[in-house]
Every structure is written in structure tokens, then in C-alpha cells.
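Reminder, nothing fancy here: chain letters follow the sequence lines and each chain counts from 1.
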Amino acid sequence: MSEVTYLEGIRQALFEEMERDVNVFCLGEDIGAYGGAFKVTDGLQERFGASRVIDTPISEVAIVGAAAGAAHMGMRPVAEMQFMDFVSNAYDMLTNYVATARYRIGLGCPMVVRGPSGGYVRGGPFHSQNPEAAFFHTPGLKIVSPATASDAKGLMKAAIRDDDCVLFFEHKYLYRRIKEVMPAGDHIVPIGKARTAREGTDVSIITYSATLWKALEAAEIMQAEDGVSVEVIDLRTLLPLDDEAIVATVRKTNRVLIVHEDTRTGGIAGEITARISETCFEWLDAPVLRVTAADVPLPYSPPLEDYVLPQTLDIVRALRRIVAY
Amino acid sequence: MALTREQKLELYYYMRLTRSLEERLVNLYRQTKVIGGLFRSLGQEADAVGAAYALDKSKGDLLSPLIRNLGAMLVRGAEPTEVIKQYMAKGDSPTKGKELNIHFGGVERGFIGQISHLGDMVPVMAGVTLASKMRGEDRVGLVFVGDGATSTGAFHEGINFAAVQRCPLVVVVENNGYAYSTPVSKQTAAKSFSDKAIGYGIPGEQADGNDVLAVYDVTKRAVDRARRGEGVTLIELITYRRKGHAEHDNQSYVPPGEIERWAAENDPIDRFEKVLRGEKVKAAELRAIDERIKAEIDIATDIADASPMPDPLEALRGVYAGQPSVAPLWFREDVSSAVEKHERASGWGTYDV
Ligand SMILES: Cc1ncc(C[n+]2csc(CCOP(=O)(O)OP(=O)(O)O)c2C)c(N)n1
Ligand SMILES: [Mg+2]
């Protein structure tokens, strides 16, 4: 079996789901013949035609709103944001209409809004954002953020089959940098379930998306240099959070570091910290710490971007402080 | 009101400067000295230069350029050195490395840097010109958008608000045939972008965007109307994007021959050179301008190349007024950097052909 990149994993999921269900269709800017800015949808229009792979005007409100309407009618739209930075334009549609439609009037929105997010690519303030926290605060939405190629595929298939709206944050840094042999068959990864990416006994890192790879790197360094055994939990789904997995790792290692690429204030790490404090306080041997981006817009120049975003050595530093507590 | 010979040579200078500067940036991009994407305006120089030239510096007129309006910024005084430094992410670039490419500017400079979110500068420029109106100032604003950006909610809301308020604003739609890979036929069902003016209750005009004098004339009329208190004008300039959306784009979606035809028959600089020659400007005079430009760009490149990258702590400065810097996070106290080497990421992960 040949290895498949993160990006190809997502593409495979789209192909397989469009094959399986004629109601699945894609819409977005430049996704048709061009195959999308990152080529995620490459070949889809050729295979399924322009009526199921729709090039839209530059209108994020219309893309998301029309997806919701089509979803009401039994379709399964997959809407692409060319960069997730532009989902902010559809914030009203997602948080006011899509997130509340089922609760208010019993109309579901089985749809996926997907696109590239994240930094480490010198993309500057508008091609690097991690806008998950803005939606994390909205009941009615689901949020998925895979870190591996097989999760990207399996979660995309689950998201398309989900009866509610799933925001699917792909990480552009991972698109072509990681590869994996795909599990055979109809590979589905359930939404709402975290994964233990590395077993450990002394301290836990809870993370998701690209920083998973930095966490794993830091875990290696801690093992090699300090003889400390680090457990790494990859959340995979952010909304709903997998409380069971979080509690289990806290009870196992009693020391927790939360790492995310998004900025600190109002970030998801804050909510996780609060949940741990509420449910596992007596299990903790050290305060829960966070390694996140600094609270600034993400700058472009390499020394600035590298300074703002979490790096492996930051994680090592934080782990050492927790272990020494 | 006709332009003088000197002014026409100035138009030529700015168009040529735009093209040559972008060509230099392509060289730097190939040497991996440019960080991030590179955006060209090849074949569209007349739009940016001609429209910006119709504004009046002495009245404090302000414009907001798009990614293909480097020429407009040069007309308003942006320096090649600054532009190269921006593209190289240097610490002494206008944005100190915080923002990329031509996303820079300021009120006092006569141009306000855009953000990436298309259409957003239309409401912003509505506000800029609303302020002029409220204070009884003479200032006129001009905002560029692409054909694609007209599909955003921000474009609609901004132009409508400005129209209702009769703000002194000129909205220039640069119709270059494509938005990334999407042709105009998939962007709008309207016959022309200038027709959209009817729906806003404002004048709409269309002009040949590759004829710099026509661009100047149509924009000047709109600027004069705005200054007389007659409100917003929507201008559509017809042009053609001869390069890809950015340097990585192989333009696979363009019908064969289309680019070559525009290059051969409708290049704005070639066309203007013919006009100038017809008005007895000698070829040698134009070549002397070209040489001067080359020398300017050589000097600018050397200066930009020798400039330092930013101090990492610059990242924390400038978020709020009256607060020079936000505090570093605890794990960065007494460390200025958590990486030893600042590598150039290979683009945005976009498809490189
Ligand atoms: C709101 C928003 N959606 C998507 C994008 C991504 N994007 C950047 S440029 C572009 C095409 C722009 O086309 P047009 O407005 O015609 O300008 P041109 O590039 O042709 O000058 C797209 C889709 C964006 N910048 N902003
Ligand atoms: Mg265009």
C-alpha cells in the first residue's frame, strides 16, 4: 500500500463520499477545473461534473448560506473556504443561522465547511489564522481539526455523514508534509473522540492539529534528555471535547500541559483548563500550563512568526517546569 | 485640462517603473529572497497608474490599492526600496515585517494598505470619505477592487452606504477577466460591472483599462464630480491579467492563445509608447527613462538586500495605543527566540508547478 499525504487523505474522503451518496456536493472558489488553491479538490469536477463541484463567486456568505439551504433539502454540501481566514466573512451565517436552525425550528444543517488554516508558512495575518475559538463558543456547531493523514480522511468522511454542521479545520502546513498508509475500506474516524498519540506516565500534553507534531518532538527530547515519559493526546475534535479522554490522561499522569497554535486569551486551552480544574482538581500534582501563540495578530516575517507561534523548545521548557513543580 | 508632455512622460515613467520593479521582484523570488507569494500586474499598469494620477496630492486625496495596484502606490510616492523590503520581510520595511507585499501605507502617505479580505476596503474608504464630507474638507477617496471582489457583501454594503451618503468616493472595478481561476462569466450575470451603478443610484462608466489616457480621463471626471459634492462613481476598467493569480499559478484554466494575444496586441506600455512617439517623443528619451528606472531599482535592491531582518520582539509591539509592547508569555521571558534558524517555509503549501 502506498502512502498518502494529509491532503490526499481529504481528497480521497471527498471522492469516496461523492461516489457513495449523490447528495454530496462541493462548492467554493476555484475548486472546479482548477482544483482549489491547494488542489484539495483536484480531479473532482472531472469525475463528478460541474453541477456537483461548483465554482462560486467570491461570496463566503452565499457559499455557507446556500450550503445550509441545500442541506435543509436533503443535500450534503461540502463548502470550501479558500483560506479559513475568510470564514470570518460567514461568521453571521454560521453562528446565527446554521448553528441555531435545528434548535429553533427543527431544521438540520448537515454540511461541512472546510479549508486550510494555520501558520508556520510565512502567510502573514490573513493566510495563517486559526479561527476555531471564534466558533468554539457557539453551541450547535461541531469543530474538527485533524493532525494526521488518516484522521483527516476518516474525520472528513464522518463530518460529511454527520447530521449537523461540522467546521473542518485543515492545517496547510501538514498538507504535503506528512504521509501515511491509509487504513483499508470505509475508514471513518468518529467525531468527538480524542486519540492517544503517544503513551506516557509522567506528564500529559493535550493538543491538536500541527502542534501535535511539535508535542511529539518535545516528548522525544524529554525522554532522551530528562528521562521523563510524556503522554500526548491528540484531541482531533474540538467541539464537542472528549472529556473522557482528558480526564483519563489527567488521572494517569497528574500533570498537564495544553498546547495550541491559536492565540492564548479566549483560546480552547482555557476551556480545557477550566474543565480539568472542575473535575480533576484533586488529581493534579502541578498547575495546568498552556503553550500557545502570543496575543498578537500573526506577523509575516520569519523571525516574528517564529517568535509568536509555539515552538518545540517552548513545550520542552513548559514540561520541565511542570515536572519540577 | 489636457495633460502636458511632462505629465505624460511621468505616466510612462510610473508604468515602466511598475513593470520593471515587478520583474526585479520575480528575480528575487526565483532566488528565494522573496518570502511568500508574488503578485504581478503585468498588462494592467495603465489602470493603476492612470487612475491614481487623477488624484490630487495637494488636496490630501487618498486611495486604497489592491494587490495589482503597485503602480498606484508608486504614483502616490511609495518607494521601490520599501516595496522590495516588504517582499523580503525586512525589519526596516514599512510594516517592520508584520505585513506582507504591498499591504502598507498610511493616511499621510496618500494610500491606505489593504487587507486580504476582498471588498473590505470599500466600506473603509466610504468612512474615510464620509469624514472628509463631515468636516467640509476637499479630499476625495478612490478604492480599487477586482472583478471578483464585487461579489462580496462588503463591496455591496460599502458602495451602497457611500452612495446614500453621497461620499466623495470613486470605486474602480479593475476587470482583468479573472479572479484567481474564475472567469468573469462565473462571477456575475450582469453584462458589465459598470451596469451595477444603476442599482446604487450612482453614475457608472466603463473605459479601456489598457489606455492610460482613457483611464486618467474617466477617473478625473469621477474625481471632479466627487469634489463638487456629487457623490460616488463606479468605474469599470477593462484589462487583462497576463500572469497567474500569483507566481505559483500555472494558468492552466486560460484558453490557449488568450494571453499571447493580449501581450501582442494590447500591452498598455507598448500602446502608450506609440501615442508618445506620435506626439514626437523620441525613442531615445524613453530609453533614457528606462535606464534611469533600472538604476533606481538596482540601488533599491542593494539597500533592501542589505537590510536586517526584524528583531523577534518587534512581534509584540504596536498592538494597542499607549502600550509599546504586550508582555512576552511566561515561557518566553528572557528568551528572544525558540528557534535557532528562521527557515523559509516552502510557500503556503500551494501547488507549485
Ligand atoms: C473574502 C475573500 N475571499 C477569498 C479570498 C481569496 N482570494 C484572494 S485574491 C482572489 C481573487 C481575486 O480576484 P479579483 O477580485 O478579480 O482580483 P484580481 O486578483 O483579479 O486582481 C481570491 C479568491 C480573499 N482574499 N478574500
Ligand atoms: Mg480579477
Are A:Arg290 and B:Trp330 in a cation-pi contact, defined as NZ or CZ under 6.0 Å from the six-membered ring centre and within 45° of the axis?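 Ring-cation test returns no.
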
Establish, for the pair B:Arg332 and A:Tyr307, whether the NZ or CZ atom is under 6.0 angstrom from the six-membered ring centre and no further than 45 degrees off its axis.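 Satisfied, under 6.0 Å and within 45°.
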
At a heavy-atom separation under 4.5 Å, does A:Val291 approach chain B through its side chain, its backbone, both, or neither?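 Both backbone and side chain.
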
Between [options], who has the most heavy-atom pairs with chain A when the cutoff is under 4.5 Å?
options: B:Ala315, B:Ser181, B:Ser252; result: B:Ser181
options: B:Lys90, B:His103, B:Lys186; result: B:Lys186
options: B:Gly119, B:Ser93, B:Gly97, B:Gly153; result: B:Gly97

A:Pro299, A:Ala33, A:Pro303, A:Pro116: which one forms the most heavy-atom pairs within less than 4.5 Å of chain B?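 Most heavy-atom pairs under 4.5 Å with chain B: A:Pro303.
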
With chain B as the partner, which of A:Leu309, A:Leu313, A:Asp314 has the greatest number of non-hydrogen pairs under 4.5 Å?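 When all of A:Leu309, A:Leu313, A:Asp314 are compared, A:Asp314 has the most.
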
Looking at every non-hydrogen atom in both residues, tell me the closest pair between A:Pro297 and B:Val319 and how far apart they are.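 Nearest pair, atom of A:Pro297 first, then B:Val319: CD-CG2, 4.4 Å.
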
Side chain, backbone, both or neither: which part of [X] has a heavy atom under 4.5 Å from chain A?
X: B:Ile35; answer: both
X: B:Gln251; answer: neither
X: B:Asp311; answer: backbone
X: B:Tyr320; answer: neither
X: B:Ala327; answer: neither

How far does NE2 of B:His342 sit from CG of A:Leu304, to the nearest 0.5 angstrom?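 Going from NE2 on B:His342 over to CG on A:Leu304, the span is 8.5 Å.
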
If you measure from CD on A:Glu60 to CG on B:Leu118, what distance do you get to the nearest 0.5 Å?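 Nearest 0.5 Å value for the CD-CG distance: 8.0 Å.
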
Scan A:Asp55, A:Thr56, A:Asp30 and name whichever one has a side-chain hydrogen bond (donor to acceptor under 3.5 Å, both in side chains) with B:Thr182.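 Among A:Asp55, A:Thr56, A:Asp30, the one that satisfies the side-chain hydrogen bond (donor to acceptor under 3.5 Å, both in side chains) with B:Thr182 is A:Asp30.
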
Given side chains that start at C-beta, do those of B:Lys98 and A:Val296 come closer than 4.5 Å, heavy atoms only?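 No, too far: nothing below the 4.5 Å cut-off.
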
Ignoring hydrogens and geometry, is there a side-chain-to-backbone donor-acceptor pair from A:Ser59 to B:Ser151 under 3.5 Å?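 Checked: pair present.
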
Hey, is B:Asp334 close enough to A:Arg317 for a salt bridge, meaning N to O under 4.0 Å?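 Looking at B:Asp334 and A:Arg317, the cut-off is met.
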
My understanding is that only residues two or more places apart in sequence, or in another chain, count here; which of them pass salt bridge (Lys or Arg N to Asp or Glu O under 4.0 Å) with B:Glu333?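 Checked B:Glu333 against salt bridge (Lys or Arg N to Asp or Glu O under 4.0 Å); zero matches.
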
